[in-house]
Asks: 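I have a structure here, written as structure tokens, and I will follow up with some questions on it.
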Protein chains: 2
Amino acid sequence: MSQEQSGRAPKGTGVEGKEVEDLESLLGYQLKHLQTTLRSRMDATLRPLDLTTPQYNCLEQLRRSPGASNSELARGAFVTRQTMNTLVRGLQERGLITRPAKADSGRILPTRLTPAGERLLDQAVSRVEAISARMVSPLDDETRTKVTEALGLCIAALEESEDG
Amino acid sequence: MSQEQSGRAPKGTGVEGKEVEDLESLLGYQLKHLQTTLRSRMDATLRPLDLTTPQYNCLEQLRRSPGASNSELARGAFVTRQTMNTLVRGLQERGLITRPAKADSGRILPTRLTPAGERLLDQAVSRVEAISARMVSPLDDETRTKVTEALGLCIAALEESEDG
DNA sequence: CTCTTAATGTCAGCATACTGACATAAATGA
DNA sequence: TCATTTATGTCAGTATGCTGACATTAAGAG
């Protein structure tokens, strides 16, 4: 609380430093709040399609990278390959994606959207984009760009130390 | 792919609209990336203390709101009370927090940190603050404030429609 | 060619987080 | 007062997401 962190003094304007508290960790707090709210809204809008947000993300990424491996999908969705594996299986059982039972060359089992998967994804995309648009609606283009860049800097700062 | 979604033209600056694609959803993407990375770093730094990020959040909130109910903690951590319940039980079994078996007045069971919980939390806080500081280290004070405010606007935009 | 290293897919176990449902207690309105 | 609404704690079930571990295959080093 009272251990000076790095010499900067955002509370040096006057008398007490009580309400100010943690301007730093406030970013983490807002981050979590927004992420949770966004996830909640996406889940709600996808529920009529019987899709969850991670499932949507998987399908969406598969459209942009047809034939991607499970590990590739995992990296793109920021989850482990184990997590993505269970996700992929569920989508496969529902006939939304296809995956060969055996690999021709290595171990990689290239995954692809089925026509049913594409159709469902089309519906999902328009729903999700409406939410995404609403989220950023209070920000003008410049702010939006700035914020995105700032978040990118934060990511880099966290990742540069002790591998990625 | 080629079905115009809503008529807006963020790609209307020139010739092709391929790379630009989704400036909107990029914010969501960065959001998820940063959140995941932060969570990963926090988990890693808390592991020696045998604490997870949600557990840390619970303890931390309990220090600021001693005697909080389970539902209060849930709201503060942006999870359901069911989720918080399991979290609280685990911490209780480890003797880090206390909770009466029966309520004196209503149904609320006020929760508090034990001395052991306080000690552990002290260690955790310094570790987590180091990570939080590293995350925001690339941002100057003005940018940090702007970003936090911008995220707040996004939260409000998502929450204002169809209850909160 | 052989050993090592990295990458992939998968099994098991556990923690987190949600929805749905139920009983109980407080607050509110009629 | 009595009924309705709201808030809380909890049970059950399921989905997500992690670590640890293992076998298999690819790629490189020697």
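Computed from a prediction, not measured in an experiment: that's the story for all the values here. Chain letters run A, B, ... following the sequence lines, proteins first, then strands; residues in each count from 1.
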Asks: Mind calculating the distance between CZ (A:R39) and P (C:dT19) to the nearest angstrom?
Replies: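 Atom CZ in A:R39 sits about 10 Å away from atom P in C:dT19.
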Asks: Give the rounded distance in Å between these two atoms: CG of B:L73 and C1' of C:dT16.
Replies: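 About 16 Å, once rounded to whole Å.
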Asks: So, are B:D140 and B:R144 salt-bridged, with charged N and O less than 4.0 Å apart?
Replies: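 No, no charged N to carboxylate O under 4.0 Å.
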Asks: Does A:R89 pair with A:E93 as a salt bridge, N-O distance under 4.0 Å?
Replies: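 Salt bridge between A:R89 and A:E93, a charged N being under 4.0 Å from a carboxylate O: no.
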Asks: Please tell me if the side chains of B:N57 and A:K32 come closer than 4.5 Å, counting only heavy atoms from C-beta onward.
Replies: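 Yes - at least one pair of side-chain heavy atoms lies under 4.5 Å apart.
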Asks: Rounding to a whole Å, what distance do you find between A:K32:NZ and C:dA17:C1'?
Replies: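 Whole-Å distance recorded here is 11 Å.
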Asks: For C:dC18, does either OP1 or OP2 sit under 4.0 Å from a side-chain N or O belonging to B:T80?
Replies: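 Answer yes for this pair, as a side-chain N or O of B:T80 is under 4.0 Å from OP1 or OP2.
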Asks: Grouping I, L, V, M, F, W and Y whenever their side-chain heavy atoms are under 4.5 Å apart, do B:I108 and B:V79 come out in a common cluster?
Replies: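 Different clusters: B:I108 never reaches B:V79 through Ile, Leu, Val, Met, Phe, Trp or Tyr contacts under 4.5 Å.
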Asks: If the sugar-phosphate is the primed atoms plus P, OP1 and OP2 and the base is the rest, what is the B/S/- string for nucleotides 4-10 of chain D, using protein heavy atoms under 4.0 Å?
Replies: ----BBB
Asks: Any side-chain heavy-atom pair from B:L49 and B:R127 closer than 4.5 angstrom?
Replies: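 Of all side-chain heavy-atom pairs linking B:R127 with B:L49, at least one is under 4.5 Å.
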Asks: How many whole angstroms separate atom CZ of B:R47 from atom C1' of D:dC18?
Replies: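 Going from B:R47 (CZ) to D:dC18 (C1'), I get 9 Å.
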Asks: Using whole Å, what does the distance between atom P of nucleotide D:dA15 and atom CG of A:L46 come to?
Replies: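 Computing the A:L46:CG to D:dA15:P distance gives 16 Å.
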Asks: For a quick check of understanding: with a heavy-atom distance under 4.0 Å over all strands, which category does A:T52 fall into, base, sugar-phosphate or nothing?
Replies: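 Result for A:T52 = sugar-phosphate.
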Asks: Not counting sequence neighbours, list each pair that qualifies as a salt bridge (Lys or Arg N to Asp or Glu O under 4.0 Å) and has a residue in residues 111-121 of chain B.
Replies: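 Output for this query lists B:R63-B:E118.
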Asks: Can you find a side chain N or O atom of A:T83 that sits less than 4.0 Å from OP1 or OP2 on D:dC18?
Replies: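 Yes, within the criterion.
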Asks: A:L51 has an atom CG; how far is it from atom C1' of C:dC18, in whole Å?
Replies: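 Those two atoms, CG and C1', are 16 Å apart.
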Asks: Provide, to the nearest angstrom, the distance between the CG atom belonging to B:D43 and the C1' atom belonging to D:dG20.
Replies: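 It is 15 Å, rounded to the nearest whole Å.
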Asks: Ring-plane angle category for B:H33 and A:F78, please: parallel below 30°, perpendicular beyond 60°, tilted otherwise.
Replies: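 If you compare the ring of B:H33 with that of A:F78, the planes turn out parallel.
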Asks: C:dA17 C1' sits how many Å from B:Q35 CD, rounded?
Replies: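 Interatomic distance, CD of B:Q35 to C1' of C:dA17: 13 Å.
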